[in-house]
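Presented below is the structure to which this report refers.
Letters go in sequence order (proteins before strands), and every chain restarts at 1.
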Amino acid sequence: MIRAIKGTRDLLPPDTAVWNRVEAVAREVFRTYSYHEIRTPILEETQLFARGVGKETDIVSKEMYTFDDRDGTSVTLRPEATASVIRAYIEHRLDQKPGVQKLYYIGPMFRRERPQKGRYRQFFQIGAEAIGSDSPFIDAEVIEMVVEILTRAGLEGFTLLINSVGDANCRPAYVEKLRSALRSVASRLCEDCQRRVETNPLRVLDCKVPEDQIVIDQLPSILDNLCGVCLPHFETVQAHLRERGIPFEIKSRLVRGLDYYMRTTFEVVHGNLGAQNSVLGGGRYDGLAESLGSSVPAPGIGFSIGEDRLVMTVGQSTGDVPDIFLAPLGETALLHAGGLARDLRRRGVSVEVAANAKLKRAMELANKLGARYALILGDDEIAAGQYSLKNMQSGDQRRVTRDELFSTIGS
RNA sequence: GCGGCUGUAGCUCAGCUGGUAGUAGCGCCAGAUUGUGGUUCUGGAUGUCGAGGGUUCGAAUCCCUCCAGCCGCCCCA
């Protein structure tokens with residue numbers, strides 16, 4: 001048997017109904033914040049991610065699906081979408097368009113990790129980017145929007161974490177400060193952290209080993225080391241969030257794994273997701289466009305929601321059920337039912353027709369499918385210009401004319 | 001990439017220390033006389049017991065390898 005490859009999966013009904021609902025909510029929220037959809041290719045030149053996401057990140061260094069195209073260029077299945085959106089922004093000179101470019105996307109991403117609960121090799125993200133403004137107002141608006149999407153999608157009990165990771169001005173100095181502080185306490189840390197002291201000191205802050213926490217809590221905080229631009233920026237973002245009544249927690253140890261983040265970063269976590277407790281991550285990336293070759297500055301901020309994780313958390317669906325199930329008796333009635341089904345469908349009614357004529361079987365199916373009504377069409381009904389309409393829940397059955405049928409079901 | 005656990009019908013599983021697969025539950029299909037579901041009863045279909053190899057007279061049961069899934073590490077969404 002041929003099966004879906006490791007880390008990928010088929011989404012089947014009724015689950016797809018939940019996916020569709022979540023996406024519909026997201027699109028509706030995006031619309032009200034005047035974001036517009038962008039669709040970029042799933043396949044990109046490898047160097048886009050090497051330069052955009054960062055060569056040293058785990059994503060680029062060991063998780064990408066990369067292969068040589070037939071002409072020899074190295075191509076990659078996108079592991080995230082921000083780099084592509086910025087590429088498109090530069091390529092199509094979207095900086096020439098009026099106002100802040102607000103773009104959103106929904107689609108599959110690919111990372112070759114070990115699959116786990118909430119972690120797949122093909123996974124879906126719902127994300128957005130606001131490009132062309134470095135105002136903290138935009139940061140707050142983006143965060144508000146994401147909270148709105150999660151809430152309206154039905155997510156409960158989540159926590160919004162925010163932080164500032166500084167910029168090219170203050171972060172390097174902080175990293176050095178952190179590194180030297182770490183060297184003096186390294187012996188009290190876990191093996192992984194001892195390695196990180198040299199490779200990536202910021203990652204120590206994200207360590208989950210309980211014994212390390214006491215040591216880590218004593219380390220210098222990025223928030224005490226922000227420069228004269230980053231600090232007021234972060235304070236303004238917080239002021240806006242408070243003004244809008246959005247609850248958040250400052251987590252100075254919140255570190256992101258993509259190189260392009262600067263200043264504001266944020267994350268939403270939820271308890272039901274196991275080790276993969278993050279539903280969403282995002283942040284500001286003012287230098288990204290330039291590092292991808294933009295001749296003009298294009299400060300931006302964005303996020304992406306892990307759709308698989310969101311769907312997992314907002315729960316099950318019973319799926320869509322037919323409004324009415326037609327049970328024609330005999331070939332003549334079936335012909336008639338075909339036309340009637342078409343007319344109902346044109347009125348927006350969802351209809352299923354039993355093609356095999358046995359009434360008992362038809363009623364059984366109507367019941368199993370959860371149809372609200374069943375309509376029996378025998379020769380005598382058709383001759384009389386009336387159908388037998390049965391309410392499947394109450395069991396009531398009555399004769400109705402075609403017009404009565406439409407007015408009963410159509411609403 | 002590294003650990004741990006798991007892998008028997010569509011689904012959830014039983015099958016003790018090896019003896020040649022379950023009357024299990026749910027689901028599916030078909031019946032219980034003529035045009036009516038949800039309850040009940042009867043019957044039926046479906047498995048190379050994850051794959052390959054080994055031990056053995058004999059393996060779903062023991063051993064090895066692989067594959068897949070789950071959980072954790074790592075990382076992230």
What are the atom names and distances for every N/O pair under 3.5 Å that joins the protein to nucleotides 27-29 of chain B?
from, atom 1, to, atom 2, distance (Å)
B/rC29, OP1, A/Arg361, NH2, 2.3
B/rC29, OP2, A/Lys368, NZ, 3.3

**Message:** So that I can tick it off, tell me whether A/Asp217 and A/Arg253 are bridged by a salt bridge, with the cut-off set at under 4.0 angstrom between side-chain N and carboxylate O.
**Reply:** yes
**Item:** Check: A/Asp286 side chain, A/Gly300 main-chain N or O, donor-acceptor pair, under 3.5 Å
**Value:** yes
**Asked** Looking at RNA chain B, which of residues 150-160 of chain A put a heavy atom within less than 4.0 Å of it?
**Response** none
**Message:** Please give the distance between the P atoms of B/rU6 and B/rC63 as a whole number of Å.
**Reply:** 12 Å
**Prompt:** Under 6.0 Å from the six-membered ring centre of A/Phe406 and within 45° of its axis: does the NZ or CZ of A/Arg347 meet both?
**Reply:** yes
**Message:** Regarding A/Arg284 and A/Asp134, does a basic nitrogen lie under 4.0 Å from an acidic carboxylate oxygen?
**Reply:** no
**Request:** Produce a footprint string for nucleotides 69-76 of chain B: one letter per nucleotide, 5' end first; B if the base is under 4.0 Å from any protein heavy atom, S if only the sugar-phosphate is, - if neither.
**Result:** SBSBBBBB
**Request:** State whether the distance check finds a donor on one side and an acceptor on the other, under 3.5 Å, for side chain A/Lys390 versus base B/rU36.
**Result:** yes
**Request:** State, with a plain yes or no, whether a side-chain heavy atom of A/Phe234 is found less than 4.5 Å away from one of A/Ile162.
**Result:** yes
**Message:** Tell me which pairs pass salt bridge (Lys or Arg N to Asp or Glu O under 4.0 Å) where either residue lies in residues 33-55 of chain A, with sequence neighbours left out.
**Reply:** A/Arg27-A/Glu37, A/Glu37-A/Arg39, A/Glu44-A/Arg87
**Complete:** Within residues 391-402 of chain A, the residues having a heavy atom closer than 4.0 Å to RNA chain B are A/Met392, A/Gln393, A/Gly395, A/Gln397
**Item:** Lys/Arg N to Asp/Glu carboxylate O, A/Asp396 vs A/Arg398, below 4.0 Å
**Value:** no
May I have the list of side-chain donor-acceptor pairs in residues 17-24 of chain A shorter than 3.5 Å, sequence neighbours left out?
from, atom 1, to, atom 2, distance (Å)
A/Asn20, ND2, A/Thr16, O, 3.1
A/Arg21, NH2, A/Ala153, O, 2.8

**Message:** Check the phosphate of B/rU34 against A/Lys360, side-chain N and O only, distance under 4.0 Å to OP1 or OP2. Yes or no?
**Reply:** no
**Request:** Residues of residues 141-149 of chain A with any non-hydrogen atom less than 4.0 angstrom from an atom of RNA chain B: list those, numerically ordered, please.
**Result:** none
**Prompt:** Mind checking what makes ring-ring contact (aromatic ring centres under 6.0 Å, His included) contact with A/Tyr285, not counting sequence neighbours?
**Reply:** A/Tyr260
**Message:** Tell me whether A/Arg119 is salt-bridged to A/Glu113, with the criterion being a basic N under 4.0 Å from an acidic carboxylate O.
**Reply:** yes
**Cationic N near anionic O, under 4.0 Å, A/Glu141 to A/Lys102** = yes
**Item:** Non-neighbouring partners of A/Tyr89 that pass side chain to side chain donor-acceptor pair (under 3.5 Å), sequence neighbours left out
**Value:** none
**Request:** Dot-bracket notation for RNA chain B is requested: 5' to 3', Watson-Crick or G-U wobble pairs only, both distances under 3.5 Å, with ( ), [ ], | and . as defined.
**Result:** (((((((..((((.....[..).))).(((((.......))))).....(((((..]....))))))))))))....
**Request:** Pick the P atom in B/rU61 and in B/rG15, then give their distance to the nearest Å.
**Result:** 15 Å
**Request:** For atom CD of A/Glu156, decide whether the heavy atoms of other residues, nucleotides or ligands shown that lie under 6.0 angstrom number more than 12.
**Result:** no
**Residue list, ring-ring contact (aromatic ring centres under 6.0 Å, His included) with A/His240, at least two apart or on another chain** = A/Phe137
Which donor-acceptor pairs under 3.5 Å do the side chains of residues 328-343 of chain A make with protein atoms, sequence neighbours left out?
from, atom 1, to, atom 2, distance (Å)
A/His336, NE2, A/Tyr387, OH, 2.8
A/Asp343, OD2, A/Arg402, NH2, 2.3

